[in-house]
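Chain identifiers are assigned alphabetically (A, B, ...) following the order of the sequence lines, protein sequences preceding nucleic acid strands; residue numbering begins at 1 within each chain. It should be emphasised that the depicted structure is a prediction, and the values quoted were computed from it without experimental measurement. Worth knowing before you read on, the calculation uses all heavy atoms, side chains too, and leaves out hydrogens, waters and symmetry mates.
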Protein chains: 2
Amino acid sequence: MAGQRTAPPTVYDVASAAGVSIATVSRVLRTPDAVREGTRDRVQAAIRTLGYVPSGNARALAGKRTGVVGLLLPGFDVVPDERPDLVTDGGVRVVDDRRHVTQPFSSNLYFDEVLRGAELEAWQRGLALMVAAGRGPSRDVIVNDVAGRVDGLAVLAQTVPDELLEHVARRIPVVVLADDRRSHGFDSVSVDNAAGMRTVVSHVVGRLGIRSIAYVAGPIDSPDDMERAAGFRDALVEHGVDPADVSVVHGDFGRARARELATALFAGEVPRAVVCSNDQSALGVLDAAAATGIRVPEDVVVTGFDGIDAGRFSSPRLTTVHQPMGELGRAAVRAIVERLAHPDGPPRAVRLPVEVLLRESCPPTLDA
Amino acid sequence: MAGQRTAPPTVYDVASAAGVSIATVSRVLRTPDAVREGTRDRVQAAIRTLGYVPSGNARALAGKRTGVVGLLLPGFDVVPDERPDLVTDGGVRVVDDRRHVTQPFSSNLYFDEVLRGAELEAWQRGLALMVAAGRGPSRDVIVNDVAGRVDGLAVLAQTVPDELLEHVARRIPVVVLADDRRSHGFDSVSVDNAAGMRTVVSHVVGRLGIRSIAYVAGPIDSPDDMERAAGFRDALVEHGVDPADVSVVHGDFGRARARELATALFAGEVPRAVVCSNDQSALGVLDAAAATGIRVPEDVVVTGFDGIDAGRFSSPRLTTVHQPMGELGRAAVRAIVERLAHPDGPPRAVRLPVEVLLRESCPPTLDA
DNA sequence: GTGAAAGCGCTAACAG
DNA sequence: CTGTTAGCGCTTTCAC
């Protein structure tokens, strides 16, 4: 049933088996109605018995379009998880997995969702999806490779250097995700970081009336962080808080670092709110609070940004600004399709709305 | 920078720009060392200035191999999540996301991991990955489409009907995942369900000395469930428990249904252990226990199977048999590559080891 | 309705 | 080392 595969049958094989020309075989596949029923049936029968599957490559070559869109993700590198304390029983490892610190974060990388969204949208439009990670030194090869096989390419921010992107953009449309690069001339789909941050902070300051605030920022070169920081400042100003009054610390978007920073912070005068530039940092702050005996939200409220899964499972559960990752993927595919339909015209930047999720770490109100 | 794309440059363009033949351009790309340095430089310069990206399709057609492997996932259908209680502030939705029942499961679908594993292995071997979901009535089209563009195809169990699979298997190697279909003549990569279940149950019966057991099974037609049930029975027999003494209830692998079943079960004589055929069911059992005031693990121990994320966050945390999903994906790509190298030879079935993770719902020992 | 023929852009002998 | 020349398998006019 498997083995012994010979050269796959081609249109020619089907054609002669059905006693027609290859053009007719092609028609049966692409425009069945343009072929007389009897002929069509014979061809289809031949296809079945020969086990014919048309070559997508030949098709793409002749048809000048591939029907495939590419998605370039940041390289997810393997994080070998080491676990202690194992016994082996009948060939099956048995591990004591209690009492370990619950792993820092869910293994659900955010781009899984982007990927699912992209796949869904591609499928709905009859397109196939090719994924690759732009990791390692072989990145150039990969990118060119993928670019050569697809009709359009979606690239997650910072996955590929601009120069490379510009190179492939001369062949196919490229849309950049989660990074508003309109200025660079690419189409882009991104999330409204500033508005999201402005909104949570408005809640903290405006609705909850908190004025003693600390801000845990991300790496200084992060475009996301810059937008969020701007939203943060806007909200402060809007509510009459002097930005100079809030203490800003720069983390690395990581949980561990945030925990250190927060521990130091809590050693001094504890602010009434800690606003974080992303969820991982916020979780680190929660860690620090728990370790220090500071209560959340009673003593300090904490907010994050991203909407990662782990924030739904933390205690207290994390108030955050949720980014619609699935939508990002879908919008990316849509953008490619549109650009394919309208090759000319100025670059477009799509902004996706975010959503503030108020959970226990910073609830709707402070009473109760 | 974007717009105004004209027909992409081809080898011919590069060749004439560099004053060489197309063969030389091809050589610069494939076997750079076979070209004199001066020539090579001129060609590379032409490539840069023209923005040349070789057509993967033409390449695949001429070279008789695509360098792409396909991965067919079960259709992840959109689960539109509806949330109540929203306010809108400055264009950003603000949602009260407290007090909701924590969503039934992590959105981390298990095949995300399979996908990541496959991508990683493909990348390491210089292959690209094409993904598609075999959903809906257009499945045949999708499958043929993908099959026509790749060198080999990995298919997640039950995603594609056998007949279709057999059809495409005549063109390219197919490997079935998570379902030992050796009997059908396909290569397969699967997980050792029976051994895993046998091992947890040995722990429950052998080490913990529990003899009053209930088993929450999955759908009767699930091959996974059958293997696990067999492992369950083996362990019982091995430890001298009469399988006829355990009450077996059939669920649907879903959390809600399991909760119902467990609630009914707990209304009668509460068993000392509930072994479940998958994690979702086990979580449902935990739900029922919590609602009924039955303590886990003091009154009843509960075990699951799969190792999904949600089991790490439940309370108590779930003892389970963890399946190496990432490895599944990697092994799938490996299997394809091997089959490509050895087209003939009998179908091979790869079995991946599982791991028992003892967590609080069924700890290593019952004292303390 | 159906067939003949010209490519699509590239690789891979085969000559020089 | 480099150029010539066949195709790879399919789509697509253009005739019939």
According to side-chain hydrogen bond (donor to acceptor under 3.5 Å, both in side chains), who are the partners of T66(B), at least two apart in sequence or on a separate chain?
D151(B)
By a strict heavy-atom criterion of less than 4.0 Å, which residues belonging to residues 39-51 of chain B are in contact with DNA chain C?
none
Those residues at least two apart in sequence (or on a different chain) that pass salt bridge (Lys or Arg N to Asp or Glu O under 4.0 Å) with E121(A) are R125(A), R330(A), R334(A)
Separation between CZ (R149(A)) and CZ (R149(B)), nearest 0.5 Å, reads 10.5 Å
So do the side chains of R59(B) and L29(B) get within less than 4.5 Å of each other, counting heavy atoms only?
yes
Under 4.5 Å between any side-chain heavy atoms of V350(A) and S188(A), yes or no?
no
Test your reading of the model: is there a side-chain donor-acceptor pair from S16(A) to the backbone of Y12(A), 3.5 Å cut-off?
yes
Any residue meeting side-chain contact (heavy atoms from CB on, under 4.5 Å) with A34(A), in chain and number order, not counting sequence neighbours
T31(A)
What are the residues of residues 12-33 of chain A, sorted by number, that bring a heavy atom to within less than 4.0 Å of DNA chain D?
Y12(A), I22(A), A23(A), S26(A), R27(A), R30(A)
Using side-chain hydrogen bond (donor to acceptor under 3.5 Å, both in side chains) as the criterion, list what pairs up with N193(B), not counting sequence neighbours.
D224(B), E227(B), R228(B)
Would you give me the side-chain donor-acceptor pairs under 3.5 Å for residues 36-57 of chain A, sequence neighbours excluded?
{"unit_1": "R40(A)", "atom_1": "NE", "unit_2": "P32(A)", "atom_2": "O", "d": "3.3"}
{"unit_1": "R40(A)", "atom_1": "NH2", "unit_2": "V35(A)", "atom_2": "O", "d": "3.3"}
{"unit_1": "R42(A)", "atom_1": "NH1", "unit_2": "A18(A)", "atom_2": "O", "d": "2.8"}
{"unit_1": "T49(A)", "atom_1": "OG1", "unit_2": "A46(A)", "atom_2": "O", "d": "3.3"}
{"unit_1": "S55(A)", "atom_1": "OG", "unit_2": "N57(A)", "atom_2": "N", "d": "3.3"}
{"unit_1": "S55(A)", "atom_1": "OG", "unit_2": "A58(A)", "atom_2": "N", "d": "3.0"}

Residues L127(A), V337(A); criterion side-chain contact (heavy atoms from CB on, under 4.5 Å); working and verdict:
CA-CA 10 Å; L127(A) 299 169; V337(A) 171; 3.9 Å; yes
Does any part of the side chain of D187(A), heavy atoms only, come nearer than 4.5 Å to the side chain of V174(A), both counted from C-beta?
no
Output all residues satisfying side-chain contact (heavy atoms from CB on, under 4.5 Å) with I142(B), sequence neighbours left out; order by chain, then residue number.
W123(A), A132(B), S138(B), V146(B)
Going 5' to 3' on DNA chain C, which nucleotide is the first and which the last to come under 4.0 Å of a heavy atom in chain A?
dG1(C) to dG9(C)
Sorted by chain and residue number, the side-chain contact (heavy atoms from CB on, under 4.5 Å) partners of L164(A) (sequence neighbours excluded) come out as D140(A), V143(A), N144(A), V160(A), P161(A), V168(A)
Let's see if you get this right: which residues in residues 55-66 of chain A place a heavy atom under 4.0 Å from DNA chain D?
S55(A), A58(A), R59(A), A62(A)
Spatial distance of atom CG (L129(B)) from atom CZ (R116(B)) [nearest 0.5 Å]:
13.0 Å
Span of DNA chain D in contact with chain B (heavy atoms, under 4.0 Å):
dC1(D) to dG9(D)
Would you check if F186(A) and V175(A) make a side-chain contact, meaning some heavy-atom pair closer than 4.5 Å?
no
